[in-house]
Protein chains: 2
Amino acid sequence: MSLDHAILGFLNYQPFSGYDLKKIFDTTVRHFWPADQSQIYRTLGRLAGQGCIRMEKIEQTSRPDRKVYHITEAGRRELVGWMTTAPPNDPARSAALVQVFFAGQLTDKQILAKFEEFAFMMRGILKLYDDLPEKLDEYAQVVGSPRETFFWRSTLDLGKRTMRANLEWAEHIIAQIKKGQVPRK
Amino acid sequence: MSLDHAILGFLNYQPFSGYDLKKIFDTTVRHFWPADQSQIYRTLGRLAGQGCIRMEKIEQTSRPDRKVYHITEAGRRELVGWMTTAPPNDPARSAALVQVFFAGQLTDKQILAKFEEFAFMMRGILKLYDDLPEKLDEYAQVVGSPRETFFWRSTLDLGKRTMRANLEWAEHIIAQIKKGQVPRK
DNA sequence: CCTTAATATAAGACTTGACATATATATTAC
DNA sequence: GTAATATATATGTCAAGTCTTATATTAAGG
């Protein structure tokens, strides 16, 4: 139910519509909690039903009406309660690691190609992370105090550290393959 | 559909029953692809229907009958085809990072408690990883050649590197909190 | 002029995975 | 003696997430 709490977290900054939230998710937390548009709307409906948020209809003439959601006291309590509780440990499924686990069934050439592809993608993600702070700043000005953006940047920092470690791992294995250190049988 | 291919991966070593596979999953790939018992059985049924595996019924007197599954040529083609294709990038959801992202809404004391809990858990996982090679060896003797177990250990190596990077990150933030380097507002 | 993108919300259908429960017998532990 | 554990497979149900499509208007680009 992290989506619920991520939404509450943003609404605790200020009121937003589902449309706003989708854009915010896509530029901030999508790297560790992507959210589908339809799921955001459905969750907003559910949270409203639970009394965690309150809907305010804003009528517009030239555009579709907006439904702006405000967090309630009950919602704030729910948010803080969840935040101060240990998070469920997310299983972290990795199809890539499944492929690595069984990689011995492929030829050396195929394995090398696979790991070089991994390394290529990891470098791409690291580059992408370098450009993120600017995108975060967009919302930092609207929503975030220095205290809040400190932790926004911390999540990015973890992403970089993790990705660097992954890249080192991939490069280490590539080196082993090239040196012929992978057992043949 | 990684579960399908992980099952095919194991059946390509040798035939197994659903019961066998559940135990194997729990001691090998569960750290990056946990599998529910009921899902394994249902997937075996589906793979058999698709012709990727073939069922052999082994009758037992004092115990329930076993259904042992053999990989077919079609299954082998499916496996290699998937292995040599780029894996779908798994979203890697992290409720913990959602909590970090919004941590600025908590007090310094609450934040410190949270990160120390993270660090504690990460150290626990690292210790757990140290004991894993012995458990892997159980199956390594039955199933794995040196070539195969080389990649088994590689997945563990990535887990360790990633977890070490995570721990360093948590410790870095704990130090920042203690030094009062988290903005107050 | 036509098409695409942006603004805005929502429902339908589907897949994956999680959790509980059912069934049946033999062995092990207390 | 009784309860728990191991062996072995299977169904029911639910939650979470993904993908597609529907609706309606305006502005911008080619």
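Chain letters run A, B, ... following the sequence lines, proteins first, then strands; residues in each count from 1.
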B/Lys67 atom NZ is separated from C/dT23 atom P, nearest whole Å, by 18 Å
Subject >> Derivation and outcome, salt bridge (Lys or Arg N to Asp or Glu O under 4.0 Å), residues A/Glu138 and A/Lys135 >> reply: CA-CA 5 Å; A/Glu138 254 183 72; A/Lys135 291 188 180 173; over 6 Å; no
Between A/Ala6 and B/Phe102, the two heavy atoms sitting closest are O-CZ, 3.4 Å
Does a side-chain N or O from A/Gln60 land closer than 4.0 Å to OP1 or OP2 of C/dA8, or not? yes
Just the atom pairs and distances: protein N or O near nucleotides 15-18 of chain C's N or O, under 3.5 Å.
{"unit_1": "C/dG17", "atom_1": "OP2", "unit_2": "B/Gln39", "atom_2": "NE2", "d": "2.5"}
{"unit_1": "C/dG17", "atom_1": "O5'", "unit_2": "B/Gln39", "atom_2": "NE2", "d": "3.4"}
{"unit_1": "C/dG17", "atom_1": "O3'", "unit_2": "A/Arg93", "atom_2": "NH2", "d": "3.2"}
{"unit_1": "C/dA18", "atom_1": "OP1", "unit_2": "A/Arg93", "atom_2": "NH2", "d": "3.2"}
{"unit_1": "C/dA18", "atom_1": "OP2", "unit_2": "A/Arg93", "atom_2": "NH2", "d": "3.1"}
{"unit_1": "C/dA18", "atom_1": "N6", "unit_2": "B/Arg42", "atom_2": "NH2", "d": "3.3"}

Using nucleotides 21-26 of chain D, report all nitrogen or oxygen pairs with the protein that are shorter than 3.5 Å.
none

Do A/Asp20 and A/Ser17 meet the criterion of a side-chain donor-acceptor pair at a distance under 3.5 Å?
-> yes
>> Please tell me whether B/Phe101 and A/Phe10 form a close aromatic pair, meaning their ring centres lie under 6.0 Å apart.
In response: yes
Donor + acceptor pair across side chains of A/Arg161, B/Asn166 (<3.5 Å): no
task = Consider only side-chain N and O atoms of B/His5 and B/Glu78, and report whether a donor and an acceptor are under 3.5 Å apart.
result = yes
Terminal axes of the helix from C/dC1-D/dG30 to C/dC30-D/dG1 (5 end pairs apiece), angle rounded to 10 degrees, sit apart by 30°
Taken to the nearest 0.5 Å, the spacing of B/Leu156 CG from B/Thr149 OG1 works out to 12.0 Å
Subject >> Contact under 4.0 Å: A/Tyr19 side-chain N or O vs C/dT7 OP1/OP2 >> reply: yes
**Asked** For atom CD of A/Glu59, is the number of surrounding heavy atoms from other residues, nucleotides or ligands below 6.0 Å larger than 12?
**Response** no
Closest heavy-atom pair, B/Ala96 versus B/Phe118, reported as atoms and distance to 0.1 Å, is CB-CZ, 3.9 Å
Item checked: Under-4.0 Å side-chain N/O to phosphate OP1/OP2 contact, A/Tyr41 with C/dT9 -> yes
A/Leu44 CG to D/dG17 P, in whole Å, measures 14 Å
**OP:** Kindly say whether the aromatic ring centers of A/Phe115 and A/Trp169 come within a distance under 6.0 Å.
**Re:** yes
Practice item. For B/Tyr41 and B/Asp36, run side chain to side chain contact (heavy atoms under 4.5 Å, CB included): C-alpha distance rounded to whole Å, both residues' side-chain angles, the deciding distance at 0.1 Å, then the answer. Key: CA-CA 9 Å; B/Tyr41 282 104; B/Asp36 188 77; over 6 Å; no
